[in-house]
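One structure below.
All figures in this text were calculated on a predicted structure; none of them were measured in a lab.
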Amino acid sequence: MENKKYYFAVDLGATSGRTILGTLVNGRLEQEELTRFPNNLIETGGHFYWDIYALYLEMVKGLQVVGKRGIELTSIGIDTWGVDFVFIGEDNAILRNPMAYRDPHTFAAIDDYLTNVLDRKTVYDITGIQFMNFNSLFQLHAMRKAHNSAMQHCRKVLFVPDALSWLLTGEEVCEYTIASTSQMLDPRTGDLSERLIESVGLTRQHFGRMVQPGTQIGVLTEEVQKMTGLGAVPVIAVAGHDTGAAVAAVPAKNEQFAYLSSGTWSLMGIETKEAIISERSYELNFTNEGGIEGTTRFLKNICGMWLYERCRKEWPEEVRQLSHPELQGSAMQVEPFRSIINPDDKAFANPPSMIEAIQQYCRETGQAVPETPAELCRCIFDSLALRYRQVFQWLKEFASFDLNVLHIIGGGSLNKYLNQFTADSLGVEVLAGPQECTAIGNIMLQAKASGDVADIWQMRQIIANSVDMVPYHPTGDKAAWDEAYEKYLRLTK
């Protein structure tokens with residue numbers, strides 16, 4: 001045991017979190033889940049909050065498990081969802097729980113900011129980030145307008161993973177990948193834009209020092225050491241943004257790949273050496289988020305399995321009891337391309353009934369209306385594969401290299417029917433896996449920081465050796481997919 005290096009990963013999503021112990025053995029990554037816990041959204045006083053202290057307590061509980069087992073940790077890393085942040089006061093205390101990105105206070109804030117503070121084009125030219133109402137910039141604008149008392153009295157603003165590392169170490173940093181989700185980072189300078197920070201009434205001093213993934217933040221405080229029975233374990237700034245950690249774990253052989261992080265939402269993109277900020281990227285609403293080793297994750301958000309998940313909730317009990325493979329298998333018996341939608345149409349953002357929204361879209365576009373679960377499922381899978389093709393074609397426009405493979409990671413990598421459709425639609429090889437890529441990226445970035453791994457490509461080789469990737473090659477009728485794509489483009493203009 002003493003020859004092994006052990007890495008402790010905290011992987012927090014918007015609904016649940018995990019602590020994981022990782023180690024490298026003979027060039028392969030081994031993982032053990034230590035604890036799993038809910039991340040509860042708290043609604044009170046007309047707002048939604050995260051319980052930052054509950055998350056801290058869960059981190060400590062996971063570390064206590066390690067302490068009781070007498071394991072000597074090499075390091076600790078934390079990744080979370082993006083955009084949200086914590087205010088710290090002059091007395092070094094957290095000024096109330098952080099607001100959650102789902103809070104409706106930003107719905108009107110984005111238009112108000114872009115109308116009365118800075119225009120849309122200016123903001124995009126500085127950041128290269130796509131516009132979403134919950135980006136930190138618009139959250140801060142909404143809070144300033146509401147005279148938010150925590151904001152008015154804050155000494156520091158820490159993004160959620162940085163706030164959790166501060167609770168463990170007492171050190172205040174601003175990790176690059178999580179900062180890039182805020183729509184306040186200028187990728188050309190590699191730092192937060194003073195113009196954007198000042199536009200919401202703050203200064204650069206309100207934020208921690210900028211650190212890159214793989215930087216040591218500090219070590220566990222004496223207080224945490226006593227609680228856990230551990231020593232002065234280093235805490236590493238991994239890719240604090242979970243998508244950044246997930247993309248770091250793409251088991252690619254070289255830079256000539258695109259990735260699709262597939263789950264409730266799909267994120268399709270490429271890794272580039274520089275941010276791509278142009279009229280075309282602005283027009284298509286692509287985003288430039290911070291990556292590892294100075295790279296940029298140039299990507300687009302696509303509606304993913306959200307459509308299917310929402311329909312499934314509405315189907316009768318006997319349909320919901322079917323396994324995903326059973327239900328999706330029945331969809332394969334349905335005539336292909338009879339109903340096609342644009343998955344990213346605003347009609348599907350959060351309708352009262354997803355089934356009715358899809359049916360209405362098909363009626364309005366003069367198509368066959370899907371009625372059965374199998375027909376709806378087929379419509380969704382066909383449409384997602386065609387949307388992926390459209391975004392992939394755009395990525396080929398922007399890429400400075402040939403794109404000849406798509407890596408699908410995340411929970412959606414298990415969906416064999418959609419993976420095959422994607423290979424057929426795009427006409428390239430699709431490699432599916434790993435499923436739990438965020439924790440893998442977190443652990444491997446710690447291993448890189450400790451010197452166990454030399455660079456990103458050795459890191460990815462170890463991941464490729466450690467996971468089972470399933471290949472999918474185009475086998476479908478190319479002419480039929482080409483025709484369906486023309487239909488999709490006509491319907492979604």
Steps toward ring pair (Phe, Tyr, Trp, His ring centres under 6.0 Å) verdict (H407, Y259) = CA-CA 5 Å; H407 283 270; Y259 58 84; 9.5 Å; no

key: Test: R18 cationic atom under 6.0 Å from F37 six-membered ring centre, within 45° of axis   = no

ask   = From M143 CE over to Q139 CD, what is the distance, rounded to the nearest 0.5 angstrom?
value = 5.0 Å

ask   = Would L230 and Q225 count as a side chain to side chain contact (heavy atoms under 4.5 Å, CB included) if you check the C-alpha gap in whole Å, the side-chain angles of each, and the deciding distance to 0.1 Å?
value = CA-CA 5 Å; L230 298 171; Q225 290 180 45; 5.7 Å; no

query = Would K5 and E72 pass as an ion pair if we require N to O under 4.0 Å?
reply = no

ask   = Considering only heavy atoms from C-beta outward, does the side chain of P343 approach that of L307 to under 4.5 Å?
value = yes

key: Rounded distance (nearest 0.5 Å) linking atom CG of L41 with atom OH of Y101   = 8.5 Å

ask   = Just checking, any donor-acceptor pair under 3.5 angstrom between side chains of E309 and T264?
value = yes

inquiry  = Once rounded to the nearest 0.5 Å, what's the spacing between atom OG of S266 and atom NZ of K300?
reply    = 12.5 Å

task = Just do the salt bridge (charged side-chain N to carboxylate O under 4.0 Å, His left out) check on R195 and E198 with the steps written out, would you?
result = CA-CA 5 Å; R195 184 176 182 187; E198 287 165 8; over 6 Å; no

request  = Determine yes or no for a side-chain-to-main-chain donor-acceptor pair under 3.5 angstrom, with H206 supplying the side chain and L202 the backbone.
outcome  = no

ask   = Can T122 and D119 be counted as having a side-chain donor-acceptor contact under 3.5 angstrom?
value = yes

request  = State the CG-CG distance between L418 and L260, to the nearest 0.5 angstrom.
outcome  = 8.0 Å

Cationic N near anionic O, under 4.0 Å, D402 to K396 = no

request  = Count the heavy atoms of every other residue, nucleotide or ligand shown that sit under 6.0 Å from CD of E223, and state whether that count exceeds 12.
outcome  = no

message = Is it true that D79 and H241 share a donor-acceptor pair across their side chains at a distance under 3.5 Å?
response = no

request  = Determine the sole option in D84, N97, N40 for which the side chain to side chain donor-acceptor pair (under 3.5 Å) test with W50 is passed.
outcome  = D84

key: Pi-cation contact, F207 with K156 (under 6.0 Å, within 45°)   = no

task = Assess whether side chain to side chain contact (heavy atoms under 4.5 Å, CB included) is satisfied between R120 and Y282, documenting all intermediate values.
result = CA-CA 10 Å; R120 181 179 285 262; Y282 170 70; 3.3 Å; yes

ask   = Is there a donor-acceptor contact under 3.5 Å from the side chain of N285 to the main chain of Q130?
value = no

key: Neighbour count above 12 (heavy atom, 6.0 Å) for K253 NZ   = no

ask   = Judged by modelled atom types alone, do Q64 and T228 share a side-chain donor-acceptor pair under 3.5 Å?
value = no

query = Would you say N135's side chain and L137's backbone share a donor-acceptor pair under 3.5 angstrom?
reply = no

inquiry  = Side chains of E175 and T177 only: does a donor on one sit below 3.5 Å from an acceptor on the other?
reply    = yes

query = If you measure from the Lys or Arg side-chain nitrogens to the Asp or Glu carboxylate oxygens, is any gap between K121 and D125 under 4.0 Å?
reply = yes

ask   = Without hydrogens or angle criteria, can the side chains of T23 and Y7 be said to hold a donor-acceptor pair below 3.5 Å?
value = no

key: Heavy-atom closest pair, residues G46 and D103   = O-OD2, 4.3 Å

task = Taking all non-hydrogen atoms of both residues into account, name the closest pair between V200 and R144 and its distance.
result = O-CD, 3.4 Å

ask   = Please walk me through it: do F8 and Y6 pass ring pair (Phe, Tyr, Trp, His ring centres under 6.0 Å)?
value = CA-CA 7 Å; F8 182 88; Y6 288 91; over 10 Å; no

ask   = Is there a side-chain contact between T272 and T295 (heavy atoms, below 4.5 Å)?
value = no

Exercise: identify the closest heavy-atom pair between I408 and S262 = CG2-CB, 3.9 Å

Gap separating the CD atom of Q183 from the OG atom of S136, nearest 0.5 angstrom = 9.0 Å

task = Could you list the residues that satisfy side-chain contact (heavy atoms from CB on, under 4.5 Å) with A275, not counting sequence neighbours?
result = P187, I277, N288, T296

key: Steps toward salt bridge (charged side-chain N to carboxylate O under 4.0 Å, His left out) verdict (K145, D112)   = CA-CA 10 Å; K145 297 266 292 186; D112 185 72; 3.3 Å; yes

key: Donor-acceptor contact present, side-chain S413 to main-chain A432, <3.5 Å   = no

request  = Begin from the C-alpha positions of D242 and T438 and carry the test side-chain hydrogen bond (donor to acceptor under 3.5 Å, both in side chains) through to its verdict.
outcome  = CA-CA 6 Å; D242 51 13; T438 309; 5.8 Å; no

query = At what distance, to the nearest 0.5 angstrom, does CD of Q390 lie from CZ of R387?
reply = 5.0 Å

key: Salt-bridge contact E172-R155 (side-chain N to carboxylate O under 4.0 Å)   = yes

remark   = Here the pair of heavy atoms bringing G290 nearest to S180 is N-OG, 2.8 Å

message = Counting C-beta onward and ignoring hydrogens, is there a side-chain heavy-atom pair between M184 and T127 closer than 4.5 Å?
response = no

key: Heavy-atom donor-acceptor pair, W394 side chain to F286 backbone, under 3.5 Å   = no

request  = Could you please spell out the steps behind the side chain to side chain contact (heavy atoms under 4.5 Å, CB included) verdict for L164 and V160?
outcome  = CA-CA 6 Å; L164 291 167; V160 170; 4.1 Å; yes

inquiry  = Taking the basic N atoms (NZ, or NE/NH1/NH2) and the acidic carboxylate oxygens, is any pair closer than 4.0 Å for K273 and E293?
reply    = no

query = For E274, does the CD atom have more than 12 heavy-atom neighbours from other residues, nucleotides or ligands under 6.0 Å away?
reply = no

inquiry  = If you compare all heavy atoms of I236 against all heavy atoms of I217, which two are closest, and at what distance to 0.1 Å?
reply    = C-CD1, 4.0 Å

request  = Could you tell me whether the side chain of N442 and the main chain of G77 form a donor-acceptor pair under 3.5 Å?
outcome  = yes

ask   = Looking only at side chains, do T35 and T19 share a donor and an acceptor under 3.5 Å apart?
value = yes

Between S199 and Y113, a side-chain donor and acceptor under 3.5 Å = yes

Residues R460 and E271 bridged, charged N to O under 4.0 Å = yes

message = Between R280 and E397 (salt bridge meaning N to carboxylate O under 4.0 Å), is one present in this structure?
response = yes

key: With I292, the side chain to side chain contact (heavy atoms under 4.5 Å, CB included) member among V238, I456, V247   = I456

ask   = What heavy-atom pair brings M469 and P251 nearest, and what distance separates the two atoms?
value = SD-CG, 3.4 Å

inquiry  = Checking side-chain polar atoms at under 3.5 Å, does N419 have a donor or acceptor matched by the opposite partner on N415?
reply    = no

